[in-house]
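Reading through the C-alpha cells given below for one structure.
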Protein chains: 2
Amino acid sequence: MSEPVGNDGAVVYRERWEVVTEEIRRRIVTGEMLPGSRIRETELAEGFGVSRGPVREALRILEVAGLVLRVPRHGSYVAPVRRRDVDELYTLRASIEELAVRRALRRADAGLAAQLGRAVERLEMALTTEAPFEVVESDIDFHSTFYRHADHDRLVAVWATLADPLRILMRLSSRRSDPDWSTTVGGHLLIASAAREGDEDACVEATLDHLEHARSLVLSFVEQQEIPER
Amino acid sequence: MSEPVGNDGAVVYRERWEVVTEEIRRRIVTGEMLPGSRIRETELAEGFGVSRGPVREALRILEVAGLVLRVPRHGSYVAPVRRRDVDELYTLRASIEELAVRRALRRADAGLAAQLGRAVERLEMALTTEAPFEVVESDIDFHSTFYRHADHDRLVAVWATLADPLRILMRLSSRRSDPDWSTTVGGHLLIASAAREGDEDACVEATLDHLEHARSLVLSFVEQQEIPER
DNA sequence: GAGAATTTGTTCGTATGTATC
DNA sequence: TGATACATACGAACAAATTCT
C-alpha cells in the first residue's frame, strides 16, 4: 500500500478503505477482475495486507456504485454486464450528456475548446500506438471535458457512475473485434468543432449521433453474461 | 431493532447494517436529523444497541448516496442543503424525468394512467387533511410512477438519489411558508391528462413546466446553509 | 503549547448463516 | 438428511489523530 505523502508534498493520510476501494475499482475497470467473478473478503484483505474491515467498507461503496454485486451472507461478485445494461447506459448517458454539453457551452469557457482539441489528439495518438487502455481513457476523457465544464457536481457524480461500466463495455467490445475507431474520431472532431463555434444545438446533435453510433457498436459485440444464481 | 420475520411470513434476515441504514436515512429525510448536524458513530451505535461496525457501513452507503458528508478523521454530518443544490437537483431531474416520461409513454402500459390518477387523488386528500409528510410523499409518488414504468433500473437508481434531497427541500420550504399547492395539483392533472392520451411531447412539456414552477417555488424559500468548515 | 478527552480508523476473535459432500 | 468446511456479520478492544481545556 502507498505511503501517506501527497503529490504536493504535504502529508496526506489516505485511509486504508480509500486505498482499497481505488485498487479494487481499478482491477474491475481494467478487466483484471472479470465481471461475474467471485470476490472473497479474506482473500483481498490478505492480499492487501489489511484486515477485513476496510475491505468490507470498500465493497459497500463499490456496491452502491454498481460495480459490485453483493449477496447477503454469501459473498460478493464483480457486477456482470448484461445486454440490458448497454441500453440503459447509453440512453441515460445521452440524457445527461445533453445537459452537460448545453451547460458547458453556455458558460463559454475558453478552456473548453482547447481541452477538447487536446483530448482528440490524445485519442489519435493512442490509436497509432495501439494502446487499448489509453484509447478507452482518451475517449472517456473527451466526453468528461463537457462534464467538467458544466459546473454541476451531481451531474459529474452521475457521469462517474456511468463511466466505469462504459469503460468495461468498451474494453470488452474492443477486445472481441476491431471497432471502427476512425468514425469515433470523426465524431469527436465534429463535436469539438461545433463546441468551438459555440453552436449549442449542433453540438448536442453531433453528440447524440455519436452516442447512438457507439451504442450500436458496443451492442453488437457484447455477449450475454449471466448473473450468478442466488 | 426489528425481528428477522418478513411480511410474507417467511424468515428474512435483515442485517443490522441494513436496518441501521434505513433508519438513519429516514431520520435525515424526515428532518428528524437536520442538515448540517453532527453524526457520532458511537452515539448512533448505542442508540441502536449495536456496535459501530454496522453504523460505519451505513454511513459509507449514505455518503455515496449524498445524504451524509464525511470528513476523514473528524466526523460525519447530515449533508447540508445549499442554494446551489436546488439548481443542480432540478436541472438534473428535468433531464432524466424527460427520459422517464418518454419511455413510460412509449411502453403504453395501461397501468400508468390509472396509477397517475390515484397519485393525484392521494395528493388532494393529503392537502385537505394537511398532513405534511403525506403531501411530500404523494408528490414524489406521482413522479415516481413514470420512473417505475420506464423499465430502466439505472434511471430509477438515479431518481432515488435525487428524491431524498428533494424530500428534504420540499419539507424545508413548506415549513417556512404556505406553498401554492393548487398550482402543483393543476400541474399534475395536466401531466396525467397528457399521459392518458399518450401524447408524449405534451406530457414532457407539461412536466418541464411543472418542474420549473416547483424549482422557483423551492428556491425562494431555501436559506443558505453553510458546510461545516474543514 | 502540553496534555486530557473525544472520536474515528483498524484489527482480530467469535457467532451465524450458507454451501457442499 | 446431517455433518463439516467456509465466508460473511458483528462486537469489542486497541491505535491514532483531532479538538478542547
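In what follows, chains are A, B, ... by sequence order, proteins preceding strands, each numbered from 1.
The distance from atom CZ of A:R40 to atom P of D:dC6 is 11 Å, rounded to the nearest whole Å. The nearest whole Å value for the distance from the CD atom in B:E46 to the C1' atom in D:dG11 is 13 Å. Residue B:L44 contributes atom CG, which lies 18 Å from atom P of C:dT6 at whole-angstrom precision. Taking atom CG of A:L69 as the reference point, atom P of D:dT8 lies 14 Å away to the nearest angstrom. In this structure, CD1 of A:I61 is placed 13 Å from C1' of C:dG9, rounded to the nearest angstrom. Straight-line distance from the OH atom of A:Y77 to the C1' atom of D:dA7: 11 Å, rounded to whole Å. What separates CZ of B:R38 from P of C:dT7 is a distance of 7 Å, to the nearest Å.
Checked against salt bridge (charged side-chain N to carboxylate O under 4.0 Å, His left out), B:D151 has the following partners two or more places apart in sequence or in another chain: A:R84. Applying the ring-ring contact (aromatic ring centres under 6.0 Å, His included) criterion to A:W159, with sequence neighbours excluded, gives A:Y147. Under the ring-ring contact (aromatic ring centres under 6.0 Å, His included) criterion, B:H210 pairs with B:H143, B:H188, sequence neighbours left out. Under the ring-ring contact (aromatic ring centres under 6.0 Å, His included) criterion, B:F146 pairs with no residue, sequence neighbours left out.
Salt-bridge annotation for B:D139 and B:R167: absent, with no side-chain N of the basic residue lying under 4.0 Å from a carboxylate O of the acidic one. Using a cut-off of 4.0 Å between Lys/Arg side-chain N and Asp/Glu carboxylate O, A:R148 and A:D141 are scored as salt-bridged. Using a 4.0 Å cut-off between charged nitrogen and carboxylate oxygen, A:R25 and A:E22 do not count as a salt-bridge pair.
In this structure, the separation between CG on A:L44 and OG on A:S76 is 9.0 Å, given to the nearest 0.5 Å.
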Nucleotides 10-14 of chain C: which of its N/O atoms have a protein N/O under 3.5 Å away?
residue, atom, partner, partner atom, Å
C:dT10, OP1, A:R16, N, 2.5
C:dT11, OP1, A:R16, NE, 3.4
C:dT11, OP2, A:S51, N, 2.9
C:dT11, OP2, A:S51, OG, 2.6
C:dT11, O5', A:S51, OG, 3.4
C:dG13, O6, A:R52, NH2, 2.9

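No engagement by A:L59 is indicated, since no non-hydrogen atom pair under 4.0 Å with the nucleic acid exists.
Between the two ends of the helix from C:dA2-D:dT21 to C:dC21-D:dG2, each summarised by a five-pair axis, the helix axis turns through 10° (rounded to 10 degrees).
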B:R60 vs B:E57, salt bridge (Lys or Arg N to Asp or Glu O under 4.0 Å): CA-CA, chis, key distance, verdict: CA-CA 5 Å; B:R60 291 261 177 264; B:E57 295 185 21; over 6 Å; no

